[in-house]
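Take a look at the structure set out below.
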Amino acid sequence: MKKILVVDDDRTLRITLTRALENMGYQVEQVSSGAEALEACVKSPPDLVVSDVMMPEMDGIEFCRRLRATPSGQLMPFIFLSGKGELEDRIHGHSIGADDYLIKPVNPRELAAKIEAQLERTRRIHALIVQLMQLNASSAVTELANQAKTAQATEVSPPQEEETVTPTPLPLTPAEERVFWEVIQGLTNKQISNRLFISPRTVQTHLSSILNKLKLGNRAQLIRFAYENGYQPPSNG
């Protein structure tokens, strides 16, 4: 059951709308001012807001502006009901964040249709967000799996004791070479930073320069390049 917040200082209209929406299957909370509406949205965020524009103390325009400034209120569907039907009033209502603007007196069936349209739009947005999050998570898992396979391939590379190949000297500075040997062992920037006593940013700067000089796209390609060309980390012993 979707929860609708009705905001209007006209008690009679507020009760009429509440009863009509409840008869249509909505759960309805009603308040008489923008200040009360903000408090209600914080305590128990509704699925949609229907608000009058002209109210004492805090009017609907200011209420909508403040609601849109809160994290939970940025995407909350918001419909204005107003006796002011001039074009400039409607444009102003939309410009500060309203999703729809209806002129009083409003037919409850028309209001219900507008509410359903906004709720359906919200459902589609949420479904798309979930889909994008799932795609991003799947892509991240695939990338990690590929990196693990690449790292494992370097660890199990067959020894070539009988026929030693001398790799071509690297076109790198001494500092870049030190980072190169650490990277091809599968270490992260943070781990390299700790081992070489330099900042992670410096590690990344050296890595970018290495990739540029060797015409490679990423560290996975760098590890493969080192393996295929016979580069082995120098012995510390």
Side-chain angles (χ1 to χ4, degrees), residues 1-140:
M1 183 180 295
K2 295 297 183 180
K3 180 179 178 181
I4 310 298
L5 177 63
V6 174
V7 188
D8 201 308
D9 61 325
D10 184 332
R11 183 174 181 275
T12 301
L13 178 60
R14 196 170 67 242
I15 292 175
T16 299
L17 287 178
T18 297
R19 288 176 178 172
L21 292 174
E22 286 178 341
N23 288 337
M24 295 175 187
Y26 297 107
Q27 177 187 352
V28 182
E29 180 179 3
Q30 54 169 303
V31 295
S32 60
S33 70
E36 291 178 357
L38 272 180
E39 185 177 349
C41 287
V42 171
K43 288 183 178 179
S44 179
D47 295 295
L48 182 143
V49 174
V50 176
S51 175
D52 186 21
V53 174
M54 302 299 294
M55 294 182 290
E57 298 179 13
M58 183 189 298
D59 63 14
I61 297 293
E62 181 63 20
F63 162 49
C64 183
R65 182 182 292 111
R66 294 194 186 186
L67 179 65
R68 289 296 188 235
T70 65
S72 63
Q74 291 179 4
L75 296 178
M76 188 179 296
F78 195 107
I79 298 176
F80 269 133
L81 295 183
S82 176
K84 299 176 65 176
E86 298 298 325
L87 176 62
E88 289 303 317
D89 296 319
R90 300 198 302 274
I91 291 175
H92 184 50
H94 285 291
S95 69
I96 57 94
D99 297 295
D100 212 332
Y101 194 110
L102 298 179
I103 309 304
K104 295 179 181 179
V106 63
N107 185 295
R109 291 177 59 194
E110 180 186 8
L111 176 58
K114 296 288 188 177
I115 288 174
E116 275 304 307
Q118 292 301 327
L119 292 177
E120 177 58 28
R121 176 172 173 268
T122 301
R123 281 191 287 267
R124 290 198 302 268
I125 291 174
H126 287 172
L128 180 59
I129 291 173
V130 171
Q131 184 180 6
L132 290 174
M133 290 176 65
Q134 291 173 341
L135 287 174
N136 289 337
S138 177
S139 298

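Quick caveat, the model's predicted, so the values are computed rather than measured.
Glu62 meets the side-chain contact (heavy atoms from CB on, under 4.5 Å) test with Met58, Asp59, Arg65, Arg66; sequence neighbours excluded. Contacts of Ser32 classified as side chain to side chain donor-acceptor pair (under 3.5 Å), with partners at least two apart in sequence or in another chain: Glu36. The side-chain contact (heavy atoms from CB on, under 4.5 Å) test applied to Thr12 returns Asp10, Thr16, not counting sequence neighbours. Residues meeting the side-chain contact (heavy atoms from CB on, under 4.5 Å) test with Arg19, sequence neighbours left out: Ile15. Among residues two or more places apart in sequence or in another chain, the side chain to side chain donor-acceptor pair (under 3.5 Å) test is passed with Asp100 by none. With sequence neighbours left out, the side-chain contact (heavy atoms from CB on, under 4.5 Å) criterion links Ile91 to Leu87, Glu88.
Between the side chain of Arg14 and the main chain of Val7, no donor-acceptor pair closer than 3.5 Å is present. Here the side chain of Arg68 pairs no donor or acceptor atom with the backbone of Ala98 at under 3.5 angstrom.
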Donor-acceptor contacts, no H, no angles, side chain residues 106-116, under 3.5 Å, sequence neighbours left out:
{"residue": "Asn107", "atom": "OD1", "partner": "Arg109", "partner atom": "N", "Å": "2.8"}
{"residue": "Glu116", "atom": "OE2", "partner": "Tyr26", "partner atom": "OH", "Å": "2.7"}

Acceptor/donor pairs from residues 40-54 side chains to any protein atom, 3.5 angstrom cut, sequence neighbours excluded:
{"residue": "Lys43", "atom": "NZ", "partner": "Glu39", "partner atom": "OE2", "Å": "3.1"}
{"residue": "Ser44", "atom": "OG", "partner": "Lys3", "partner atom": "NZ", "Å": "2.7"}
{"residue": "Asp47", "atom": "OD2", "partner": "Lys3", "partner atom": "N", "Å": "2.7"}
{"residue": "Asp52", "atom": "OD1", "partner": "Lys104", "partner atom": "NZ", "Å": "3.1"}

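Atom CZ of Arg90 sits about 10.5 Å away from atom CG of Leu102, to the nearest 0.5 Å. To the nearest 0.5 Å, atom OG1 of residue Thr18 and atom CD of residue Glu29 are 10.0 Å apart. Expressed to the nearest 0.5 Å, how far CD1 of Ile79 lies from SG of Cys64 amounts to 11.5 Å. Note that the CG atom of Asp8 and the CG atom of Leu13 stand 4.5 Å from one another [nearest 0.5 Å].
Residue Gly25 comes nearest to Met1 through the heavy atom pair O-CG, 3.3 Å, listed as atom of the first residue, atom of the second, then distance. Shown here for Leu21 and Ile4, the closest heavy-atom pair between the two residues is CD1-CG2, 4.2 Å. Shortest non-hydrogen contact noted between Leu5 and Ala37 is CD2-O, 3.9 Å.
For residues 29-53, no pair satisfies ring pair (Phe, Tyr, Trp, His ring centres under 6.0 Å), with sequence neighbours left out. For residues 40-66, the pairs satisfying ring pair (Phe, Tyr, Trp, His ring centres under 6.0 Å) are Phe63-Phe78, with sequence neighbours left out.
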Could you please spell out the steps behind the side-chain contact (heavy atoms from CB on, under 4.5 Å) verdict for Thr122 and Leu75?
CA-CA 8 Å; Thr122 301; Leu75 296 178; over 6 Å; no

